[in-house]
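Chain naming here is simple, since letters A, B, ... match the order of the sequence lines and numbering starts at 1 in each.
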Protein chains: 2
Amino acid sequence: MTSNEALTAIHAAWGVKESRQRGPRPGLSAERIVAAACELADAEGLGAVSMSRVAAALDTGAMSLYRHVPSKDHLLALMFDAMAGQAPVPVDGETWQDGIRRWASALRASYLRHSWAAQIPITGPPALPNQVHWMEAMLRSLSETGLPGTHKLGVLQLVAGYVHDDATMNVTIARRTGSGEDIGPHYAGLLRELADAQRFPALRGLVDEGVFDRADPPEEQFHFGLERIIAGVGSLLGTTKP
Amino acid sequence: MTSNEALTAIHAAWGVKESRQRGPRPGLSAERIVAAACELADAEGLGAVSMSRVAAALDTGAMSLYRHVPSKDHLLALMFDAMAGQAPVPVDGETWQDGIRRWASALRASYLRHSWAAQIPITGPPALPNQVHWMEAMLRSLSETGLPGTHKLGVLQLVAGYVHDDATMNVTIARRTGSGEDIGPHYAGLLRELADAQRFPALRGLVDEGVFDRADPPEEQFHFGLERIIAGVGSLLGTTKP
DNA sequence: CCCAATTGCGTATCTCGTACGCTCTCTGCG
DNA sequence: CGCAGAGAGCGTACGAGATACGCAATTGGG
């Protein structure tokens, strides 16, 4: 795949230059391919998504896919964009803090519905339609802050990165345990075994305290970090109350 | 690779059960394999690291590696641990804020030296020696905060995730531009083309303002986000001054 | 000394992504 | 209207990569 093909594929995702030309009517489309790939990932995880598996799901040949999607990598990027889905619409009168909370929670929910998304390699800045809409949504929520543009971008990156980390953790744990089984006690046991109290007093303090044995609900952990971020942004604005 | 082999390999990394046994003297070791793999990644990027390439660099056969490293995946995890290197030693009398700053900057420096590390898939909680040492270092810096254990862990995850995101962004940009070329103007051009001002007023505001054309130095951006996090943690402690 | 454990690694297999090129189907142009 | 060319589908083939299996050589223990 050349960078021209990548650019062409990005334009295609935005619906640019969709005019019909010569040739047979396509039986396939990028949309159908992405949908089939996402269904496969939902059912069996990202590792199951190969060009031949996707093609089989569409009852077609693997090489046919390349007429519509320039590469496997690009298919993954399109899947990521599909996962993100529709960005939340900013609410009038809403505080920027609540805007961030709603935005982050909505994105987290998308990741939870399609946990494989967090495993997709990041290959560039947001360029596909849904992602760019998500950017817009956050930037609108930050409008009232009056922060300079670079800082708004910084906040966007901070929050988006945080949600992505949360999703990475969730999918990692799910893959390790297969189901909702708790990974904490196993990890605590391993740390007890390998990290002696002499060299690792602080860590062992937490282990012995049972912190890893009874983790907070994932939702709570998520909000803890998010509130740190929101408070941190607030401090930039001389805001004492988040 | 079974989970028993994974556990055995983790123990090996910690130097557990290193007693010599029957059989020929090993000409190879996990350490040598990891070092060769890291050198290869440093020279040509993570994509160049295959078992055969690593073996070739060691003048041995690819299958020999499997006596010392259970899988390619585990080799990647070991490389990540090697990249992290020695954790910083906490400084007596240092504020927790400065502790976080020093910790984050040191970790960022490691990532910058081996940018490929950010591309290594995350497959589980920190279990290898260096990573666990980094955990200990952060937890020690957080000791004086008096935060409950779960919150200390939350802060550790927040900061570590943030540094990882920063590193991911850096390696992504470097791979897109090949060198230190600025990606901003290209991205701005693309956004101007695809994101019209009507549907994307906030984003286009930033684009037209030139925010993407002249990015802040990466170091500055890094510290902006880090200071948001530190301030957010501070707010938890009723600290008004970071 | 013999047997068992360990190391090195050759052979083979399977999976995967995709380049190349052929055939068939449409459309635009002369 | 007819035809050349563009585009869709996809078969064949290839290279690359990870790694299972098993053989030969080297050690240590009984």
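- Ring-centre distance between B:Tyr162 and A:Tyr162: not below the 6.0 Å cut-off.
- A:Tyr66 has its OH atom 16 Å from the C1' atom of D:dA8, to the nearest Å.
- With rounding to whole Å, B:Leu76 atom CG is found 13 Å from D:dG17 atom C1'.
- Distances were taken from every side-chain heavy atom of A:Arg22 (C-beta onward) to each of D:dG28, D:dA18, C:dC26; the shortest belongs to C:dC26.
- Rounded to whole Å, the distance from CG on A:Leu65 to P on D:dG11 is 12 Å.
- Taking every side-chain heavy atom of A:Arg67 into account, D:dA8 is the closest of C:dG17, C:dT18, D:dA8.
- With 3.5 Å as the limit, one finds no donor-acceptor pair spanning the side chains of A:His164 and B:Asp165.
- Using a 4.0 Å cut-off between charged nitrogen and carboxylate oxygen, B:Arg175 and A:Asp73 do not count as a salt-bridge pair.
- As a whole-Å value, the separation of A:Arg25 CZ from D:dA8 P is 13 Å.
- Residue A:Lys72 places its side chain closer to C:dG17 than to any other of D:dA8, C:dG17, D:dT26.
- Contact annotation: B:Ser64 does not reach the phosphate of C:dG8 (side-chain N/O to OP1 or OP2, under 4.0 Å).
- Distances shorter than 4.0 Å separate some side-chain N or O of B:His68 from OP1 or OP2 on C:dG8.
- Side-chain atoms of B:Glu193 and A:His11 include a donor-acceptor pair closer than 3.5 Å.
- Between A:Glu136 and B:Arg204 there is no salt bridge, since no side-chain N of the basic residue sits under 4.0 Å from a carboxylate O of the acidic one.
- Nearest to the side-chain atoms of B:Thr60 among the listed nucleotides D:dA4, C:dG8, C:dC16 stands C:dG8.
- Listed nucleotides: C:dC16, C:dT18, D:dT19. Nearest to the side chain of A:Ser52: C:dC16.
- The separation between B:Leu28 atom CG and C:dG8 atom P is 5 Å, rounded to whole Å.
- Using cut-offs of 30° and 60° on the angle between ring planes, the pair B:His133 and A:Phe200 is tilted.
- The CZ atom of A:Arg53 sits 18 Å away from the P atom of C:dC14 (whole-angstrom rounding).
- Across the protein-nucleic acid pair, A:Met63 atom CE and C:dA19 atom P stand 7 Å apart, rounded to whole Å.
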Per-nucleotide pairing state of DNA chain D [Watson-Crick or G-U, under 3.5 Å; [ ] pseudoknot-crossing; | other strand]:
||||||||||||||||||||||||||||||
A:Arg32 vs A:Asp59, salt bridge (charged side-chain N to carboxylate O under 4.0 Å, His left out): CA-CA, chis, key distance, verdict:
CA-CA 12 Å; A:Arg32 286 190 62 216; A:Asp59 214 22; over 6 Å; no
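- If you take NE2 of A:His74 and C1' of C:dG17, they are 16 Å apart, rounded to a whole angstrom.
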